[in-house]
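Read the structure below first, then the notes.
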Amino acid sequence: MGTKQTVAHKQANGHGHGKGKSLDSTSTVSSSNSNSTSPTITTFGKTNGHVSSRKRDVNALPAQKSVVVAYLLWLFGGIFGLHHLYLHRDRHAFVWWCTLGGYMGVGWLSEVFLIPEYVRDANEDPRFVKTFVAKLQAYQRPPYSAKRFLGQIMIGYLFGQLCASAIPQTVTAGIDFTWLHWCIPFFISLGVWTVGNIGRECGALWPCILGAIVTYPARYFIYDETYSLLLTALISALAFDAVSKQWRRTPPRRRSPTERTLKFTGALCIYFSLWGCVILFNGTITDEDGGEVPIHEALHNFLASAWWTDLKQALLDTYNYAQHHGWYETWREVFESMDVDGERNAYKVLGVSATASQADITAAYRKLSKENHPDKVKDETLRPAAHQRFIEIQQAYSVLSKIKSNRRRKNKQYSDEDAIVL
């Protein structure tokens, strides 16, 4: 059966990209193999002065990607797959998000020499197309890749372990959720399939699911969950390679930014929601006595605590106040209550009222300084506390003196301006 590779390529001065050969926009390059029908590369262009809209959409030149930009994104956001998002390798970027750059940056570092090839793939560069066609001629199906196969097993195991950890191990809300462990083979196969469909290789999901479901009952004979999940991921990856794996003979469809964002964000939400279930249902925290308390119980107790009740009531009162007085007035009241300049606390330390004059503040400061001077404390154990109290008195007096001085200066300035007669 013949195969077809649609390619968009740059043309300069009417010449194609073939070595020693000139190609126009309607040319077709084909090569033959004695054992099988050869793959064909076809570029669509004008035919009798007319181009259909569907062909124009499929065969339009992709936006050319820059190697420099790709390397910058790799350097500053590579562990989150920003360079893969830039190059429209969304599955690759999702795997990097799930593993922080390929298991804590290992995969990220290994890509330092692969980025130019990724860029040529995204640009459908003639050099990449020529190499890819050579692979199609040499191999009817993609050859075995230890790197990709190992990645399938690792991501399949990660997704399976995450699913197993997210299932509540105890009865929650009166429901026993342990039966959900039958979802584990699906998540394992989903991880295998995701890695298998990165780049120019692809395959169906059903062989992965079938292989995982057939192997998963081994958990009843292999009591170590680690080994049973690894075996399930291994068989699922083997099923994908043996039955489903094939070349992606046409470039992936260029989806709109909105569609890509929705799909990628949705996948991340599902992934992180599983981590949320792990923490909520099976996570524990240590209390003061060294005992472990499940997080969902600790959260329930927190929501019933007086601290949370008071905070919730304070927020509700603030909202109601804002409804009657406006948000600006509410923010002003909140800002003043925060005592950012320390004035209210200074009045409290010196024991004077907010209407006290500078003379009253100075008198209170001198009195408290004498009474709390560290040299008057004979007991060595009480001296540190007296020293701390003495410092607080000094700071309170400094704060109030500065505030009073600034206000006097401003009042004098305003008085001088009012005295001007035009």
Side-chain angles (χ1 to χ4, degrees), residues 62-123 128 145-166 187-202 208 226 229-230 233 236-237 240 248 252 254-280 282-283:
Q64 297 299 291
K65 305 300 181 180
S66 168
V67 175
V68 175
V69 174
Y71 266 114
L72 288 175
L73 293 174
W74 171 85
L75 181 62
F76 295 105
I79 61 174
F80 298 113
L82 294 186
H83 55 301
H84 290 307
L85 288 174
Y86 172 67
L87 298 174
H88 288 257
R89 300 171 63 90
D90 294 351
R91 289 190 181 90
H92 212 156
F94 176 69
V95 171
W96 260 216
W97 264 88
C98 296
T99 58
L100 288 180
Y103 282 91
M104 307 307 293
V106 175
W108 168 68
L109 290 174
S110 67
E111 290 180 324
V112 63
F113 300 114
L114 299 177
I115 290 180
E117 183 72 7
Y118 293 159
V119 173
R120 287 193 289 270
D121 183 4
N123 292 338
F128 174 85
S145 170
K147 180 180 179 181
R148 183 182 290 261
F149 187 74
L150 182 60
Q152 289 176 300
I153 296 176
M154 294 174 69
I155 301 302
Y157 172 80
L158 171 64
F159 284 10
Q161 184 66 47
L162 181 58
C163 178
S165 301
F187 279 90
I188 291 176
S189 58
L190 195 61
V192 172
W193 176 81
T194 299
V195 177
N197 279 265
I198 290 176
R200 291 284 178 158
E201 297 183 17
C202 62
C208 307
T226 300
L229 292 181
L230 278 175
S236 179
F240 179 88
R248 193 185 302 274
R254 300 283 172 173
R255 297 181 173 86
S256 66
T258 302
E259 183 181 357
R260 292 179 61 205
T261 300
L262 290 176
K263 289 185 175 181
F264 191 79
T265 305
L268 286 180
C269 288
I270 295 173
Y271 178 78
F272 287 116
S273 65
L274 289 175
W275 275 111
C277 292
V278 172
I279 297 173
L280 179 61
N282 299 318

(request) For W97 and L268, run side-chain contact (heavy atoms from CB on, under 4.5 Å): C-alpha distance rounded to whole Å, both residues' side-chain angles, the deciding distance at 0.1 Å, then the answer. (result) CA-CA 8 Å; W97 264 88; L268 286 180; 3.8 Å; yes
(request) Go through F149 and V195 one step at a time and tell me if the side-chain contact (heavy atoms from CB on, under 4.5 Å) criterion holds. (result) CA-CA 9 Å; F149 187 74; V195 177; over 6 Å; no
(message) Let me confirm one number: the SG-CH2 distance from C202 to W193, rounded to the nearest 0.5 Å.
(response) 10.0 Å
(message) Just so I know, are the side chains of Y118 and N123 near enough to count as touching, which here means a heavy-atom distance under 4.5 Å?
(response) no
(request) With the side chain counted from C-beta on, respond yes when F76 and L82 share a heavy-atom pair under 4.5 Å apart, and no when they do not. (result) no
(message) Rounded at 0.5 Å granularity, tell me how far CG in L100 sits from CH2 in W108.
(response) 12.0 Å
(message) Could you check whether any side-chain N or O of R91 sits under 3.5 Å from a backbone N or O of G199, counting only pairs where one atom can act as donor and the other as acceptor?
(response) no
(request) Please round to the nearest 0.5 Å and tell me the distance separating atom NE2 of H88 and atom CG of D121. (result) 11.5 Å
(message) Aromatic contact between F94 and H84, with the criterion being ring centroids under 6.0 Å apart: yes or no?
(response) no
(request) First locate atom OG1 of T265, then atom CD1 of I270, and finally report the distance between them rounded to the nearest 0.5 Å. (result) 11.0 Å
(request) Would you name the heavy atoms of G160 and I188 that are closest together and state the gap between them? (result) CA-CG1, 3.5 Å
(request) Show the numbers, then the answer: is there a side-chain contact (heavy atoms from CB on, under 4.5 Å) between I153 and V192? (result) CA-CA 6 Å; I153 296 176; V192 172; over 6 Å; no
(request) Look at the side chain of R260 and the backbone N and O of R254, then say whether any donor-acceptor pair between them is shorter than 3.5 Å. (result) no
(message) Just to verify, what does N282 make a side chain to side chain donor-acceptor pair (under 3.5 Å) with, not counting sequence neighbours?
(response) none
(message) Would you compute the distance between atom CH2 of W275 and atom OG of S165 and round it to the nearest 0.5 angstrom?
(response) 7.0 Å
(message) Counting C-beta onward and ignoring hydrogens, is there a side-chain heavy-atom pair between F159 and C98 closer than 4.5 Å?
(response) yes
(request) Please lay out, stage by stage, how I155 and Y103 fare under the test side-chain contact (heavy atoms from CB on, under 4.5 Å). (result) CA-CA 10 Å; I155 301 302; Y103 282 91; 4.2 Å; yes
(request) Could you tell me the separation between the CG atom of D90 and the NZ atom of K263, rounded to the nearest 0.5 Å? (result) 9.5 Å
(request) Without swapping roles, check the side chain of Y157 against the backbone of G191 for a donor-acceptor pair under 3.5 Å. (result) no
(request) Examine distances only and state if a side-chain atom of W74 and a backbone atom of E111 form a donor-acceptor pair shorter than 3.5 Å. (result) no
(message) For A233, is there any backbone N or O sitting under 3.5 Å from a side-chain donor or acceptor partner on S236?
(response) no
(message) Using only atom types and a distance under 3.5 Å, with no angle test, would you say the side chain of Y86 pairs donor to acceptor with the backbone of G81?
(response) no
(request) Taking all heavy atoms of T99 and all of G102, pick out the closest pair and write down the distance. (result) OG1-N, 2.9 Å
(request) Could you tell me whether the side chain of W96 and the main chain of I79 form a donor-acceptor pair under 3.5 Å? (result) no
(message) Determine whether a donor-acceptor pair (N or O, by modelled atom type, separation under 3.5 Å) exists between the side chain of R120 and the backbone of F128.
(response) no
(request) Mind listing the closest non-hydrogen atom pair of V112 and Y71 along with its distance? (result) O-OH, 2.5 Å
(request) May I ask you to test the H83-L75 pair for a side-chain heavy-atom distance under 4.5 Å? (result) no
(message) Given 3.5 Å as the limit, does a donor-acceptor pair link the side chain of R89 with the main chain of A122, or not?
(response) no
(message) Run E201 and R148 through salt bridge (charged side-chain N to carboxylate O under 4.0 Å, His left out) and show every step you take.
(response) CA-CA 10 Å; E201 297 183 17; R148 183 182 290 261; 3.3 Å; yes
